[in-house]
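These notes are about the structure you will find just below.
Labels below follow one simple rule: chain letters A, B, ... track the order of the sequence lines, proteins then strands, and each chain is numbered from 1.
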Protein chains: 2
Amino acid sequence: MEIEKEAITSLDVARRAGVSQSAVSRAFTPGASIAADKRERIIAAAEELGYRPNPLARSLLRGRSNIVGVGVGYLTNPFFTQTLQLLSDALDGAGLRLMLFPAQGSTRPEPSIHEILHYRIDALVLLSVSPSSTLTEQCRRAQVPVIHYNRTTPAQDASCVVGDNETGARAIAAHLLAGRHRRFAFMAGTADSSTNAQREAGFTEYLAERGAPAPIREDGAFDFDTAMAATRRLLLRKDRPEAIFCANDTMALAAITVARHEFGLDVGREISIAGYDDVPMAAWPGFSLTSYSQPAAFMVAETLRLILSLRTDADRHEQVVAQGSLVVRGSTRPVGA
Amino acid sequence: MEIEKEAITSLDVARRAGVSQSAVSRAFTPGASIAADKRERIIAAAEELGYRPNPLARSLLRGRSNIVGVGVGYLTNPFFTQTLQLLSDALDGAGLRLMLFPAQGSTRPEPSIHEILHYRIDALVLLSVSPSSTLTEQCRRAQVPVIHYNRTTPAQDASCVVGDNETGARAIAAHLLAGRHRRFAFMAGTADSSTNAQREAGFTEYLAERGAPAPIREDGAFDFDTAMAATRRLLLRKDRPEAIFCANDTMALAAITVARHEFGLDVGREISIAGYDDVPMAAWPGFSLTSYSQPAAFMVAETLRLILSLRTDADRHEQVVAQGSLVVRGSTRPVGA
DNA sequence: CTGAAAGCGCTAACAT
DNA sequence: ATGTTAGCGCTTTCAG
């Protein structure tokens, strides 16, 4: 064991391998022109010394840090958790670092985003965070591509990766309609969310097209507790809805819980409840929630592709819309019943 | 709006404020000796230009990056999710950045950790990751303090923040014993986890002390699906256990699901099931899971305290043991029933 | 208290 | 293909 050693630098490796310091740099740069045998000798010397190029110094010079900033609002939603896990693995596999920061899910400009931007990050990924124009503007100026995940921007002036919410919501509507329900309800997520808006539009429009009555609306804010309260209000109505479509699974799980445990309803027979996202819990026998599956793995893969492609030109932007699929389980009345 | 501007540097601010570049640096360094009015003038100029010191350059020189590496195994466990959320907020509040990397929850040395270490991170936090001696050694050499969260190291040669698992498991055992159960089972988490070992020891020892029979043991690997299978094995036995203590809540939720939906058991009357962690879902009416609560907020606060204190001397280490509390709900038979 | 100057560790011209 | 040189943007002596 060596005694208390300061970090080894490329110069140490250079001396050891008997070459110039810049040769060491080249040995660690994929496209650089250097003799194969010399490179091997340098790599060998580096291994012995336990050397790795200092990413900080490298970033300072290159103007890019190999770091991707990831902003996330509420980690409590399993859909985001799953996404974060996938994204974490994907970035790691691509040799990119993931810098996580809390984005509160709100519109107001977050100071942390500001700070993150100074790390000369390769890209900024926002998971279900409502877009803010000031943030978008700042990133544009800093030449940092922004990728909205699970959100679209009003002006479509930024890149995003989203599911086809309208189609999904229409599929849910069609399924509920096929179950011969009359009174429908929609439990909304947060109002400023494009995701919620699209799901609501798809659901409402499909019902209207088929001549069904407009759904009752309650606000569940994408949150379990809020959704429980909203469900109570729905189920206490004289014209109690027969089918509830919740804008995400978290709220649907809350609705099932309240319907079953507080109102003693047989979910799937006396009332139908459907969600969106198809989180792992939806498949648990205790819930058996009908939902619309978002292809998380595909969406994350697309996000990575965008990161790699946009870091060369941040001004370009691209919208990716992923197709999902309806997953019918026991929480909705069977078709034709 | 300016035209396509390169990032502004301290020199730009210096020129604008009519001072030297080093004055700008001092204005942004808390302890530096600079006249108050000059500092204000510089700060004003910086605001106008939208200047912030480049953290990359700063880190390169200071040898510390203000980044904390956080390694996490499985984000699917809500307890870790909650912790990550809290930690993310805490670090952000302290002006520290959080670099997330997948640690696979395994013992083998991860290449990403290697890479992260070169960012001259202030500390490495490992969430429920089994300690590896090679990793510990590497961090020691790099003078990076390691903090194990929810794990202890065998040799106690590193810092950690853990709950008092033995006490918690004993409290669960006492509670189940008070419910007049005869046949007990313990559903274990992953074998190499100190957390699991301590919970198992506390549970088993308490039962032994009271003259109760040793619990049947099944392996649930801290995982929902694995725990479902393990529960089936338990409930198919001739000597079916009357009370099951699961080493974490995820497994307990699986046990409840199987007991209720596959075996038609009335959980809390015909069988008692208890968990550990007291995740939010434990309180859902559909589960009403008796659990032992880990004080996540306190543990994260302590983690932050350790980070701040250890970054000046990485050689020191400290063990923090947090006290939790028993949360009795409906999944276990009431005491005296 | 303040400015000039010397690097932190590395990459990217520029010469050879 | 390789070594030399000039910085990336900042902090920190060192003089004054």
Side-chain angles (χ1 to χ4, degrees), chain A residues 5-43 45-46 49-67 115 117-122 142-143, chain B residues 5-43 45-46 49-67 95 97 115 117-122 142-143:
Chain A
K5 212 174 187 176
E6 286 301 304
I8 49 255
T9 74
S10 60
L11 196 60
D12 298 325
V13 179
R15 276 199 278 258
R16 173 126 180 162
V19 295
S20 78
Q21 184 266 343
S22 43
V24 178
S25 172
R26 281 193 263 262
F28 281 92
T29 305
S33 51
I34 185 174
D37 61 326
K38 180 171 271 192
R39 156 170 275 149
E40 280 175 39
R41 204 147 41 87
I42 292 173
I43 298 287
L49 265 43
Y51 167 83
R52 294 270 300 145
N54 182 331
L56 258 23
R58 181 175 269 192
S59 305
L60 185 56
L61 206 49
R62 292 232 263 233
R64 241 192 303 121
S65 62
N66 262 31
I67 296 174
E115 181 65 22
L117 238 36
H118 289 277
Y119 276 90
R120 302 196 164 296
I121 54 179
D122 288 27
Q143 290 281 298
Chain B
K5 212 174 185 176
E6 287 300 305
I8 50 257
T9 75
S10 59
L11 196 60
D12 298 325
V13 180
R15 277 199 276 259
R16 174 124 179 161
V19 295
S20 76
Q21 183 267 340
S22 38
V24 178
S25 170
R26 282 191 263 260
F28 281 92
T29 307
S33 51
I34 185 174
D37 62 324
K38 180 170 273 192
R39 155 169 277 147
E40 280 173 39
R41 203 146 42 86
I42 293 172
I43 298 288
L49 264 45
Y51 167 82
R52 293 270 301 147
N54 182 331
L56 257 26
R58 181 174 267 190
S59 304
L60 184 55
L61 208 48
R62 290 233 263 237
R64 240 192 304 121
S65 62
N66 263 28
I67 297 174
R97 301 295 131 217
E115 181 64 23
L117 238 35
H118 289 278
Y119 276 90
R120 301 196 165 295
I121 55 179
D122 288 29
Q143 291 282 298

Mind checking S22(A) for me? I need base, sugar-phosphate or nothing, with any heavy atom below 4.0 Å counting as a touch.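 The answer is base, as S22(A) lies within the cut-off (heavy atoms under 4.0 Å) of a base atom.
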Would you indicate what S33(B) reaches in the nucleic acid, counting non-hydrogen atoms under 4.0 angstrom: base, sugar-phosphate, or nothing?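 The residue S33(B) makes base contact.
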Is there a side-chain contact between L56(B) and L60(B), using heavy atoms and a 4.5 Å cut-off?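 A side-chain contact under 4.5 Å is absent here.
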Decide yes or no for R16(B) and Y51(B): does some side-chain heavy atom of the first lie under 4.5 Å from some side-chain heavy atom of the second?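 Result no, sub-4.5 Å side-chain heavy-atom pair not found.
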Under 4.0 Å, heavy atom to any atom of DNA chain D: which of residues 55-65 of chain A qualify?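 Heavy-atom cutoff 4.0 Å gives L60(A), L61(A).
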Could you tell me from which nucleotide to which nucleotide of DNA chain C, 5' to 3', there is an atom under 4.0 Å from chain A heavy atoms?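 Under 4.0 Å from chain A, the extent on DNA chain C is dG9(C) to dA13(C).
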First encountered from the 5' end of DNA chain C, between D37(B) and N54(A):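 Closer to the 5' end of DNA chain C: D37(B).
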On DNA chain C, nearest-nucleotide positions of R52(A) versus I34(B): which is more 5'?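 Comparing both residues, the 5'-ward one is I34(B).
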Select from K38(A) and Q21(A) the residue whose nearest nucleotide in DNA chain D is closer to the 5' end of that strand.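 Checking each residue's closest nucleotide, the 5'-ward one belongs to K38(A).
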Starting from the first five and the last five pairs of the helix from dC1(C)-dG16(D) to dT16(C)-dA1(D), work out the angle between the resulting helix axes, to 10 degrees.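 Roughly 40°, once rounded to the nearest ten degrees.
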Carefully, step by step, assess V24(A) and T9(A) under the rule side-chain contact (heavy atoms from CB on, under 4.5 Å). CA-CA 10 Å; V24(A) 178; T9(A) 74; over 6 Å; no
Do Y119(B) and Y119(A) make the cut of ring centroids closer than 6.0 angstrom?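 No.
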What are the bounds, 5' to 3', of the part of DNA chain D that sits under 4.0 Å from heavy atoms of chain B?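 Contact span on the strand: dG9(D) to dT13(D).
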Which pairs with one or both residues in residues 23-35 of chain B pass side-chain hydrogen bond (donor to acceptor under 3.5 Å, both in side chains), sequence neighbours excluded?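 The answer is none; no pair qualifies.
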Hey, can you pull the residues of residues 23-31 of chain A with a non-hydrogen atom under 4.0 angstrom from DNA chain C?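 By residue number: S25(A), R26(A).
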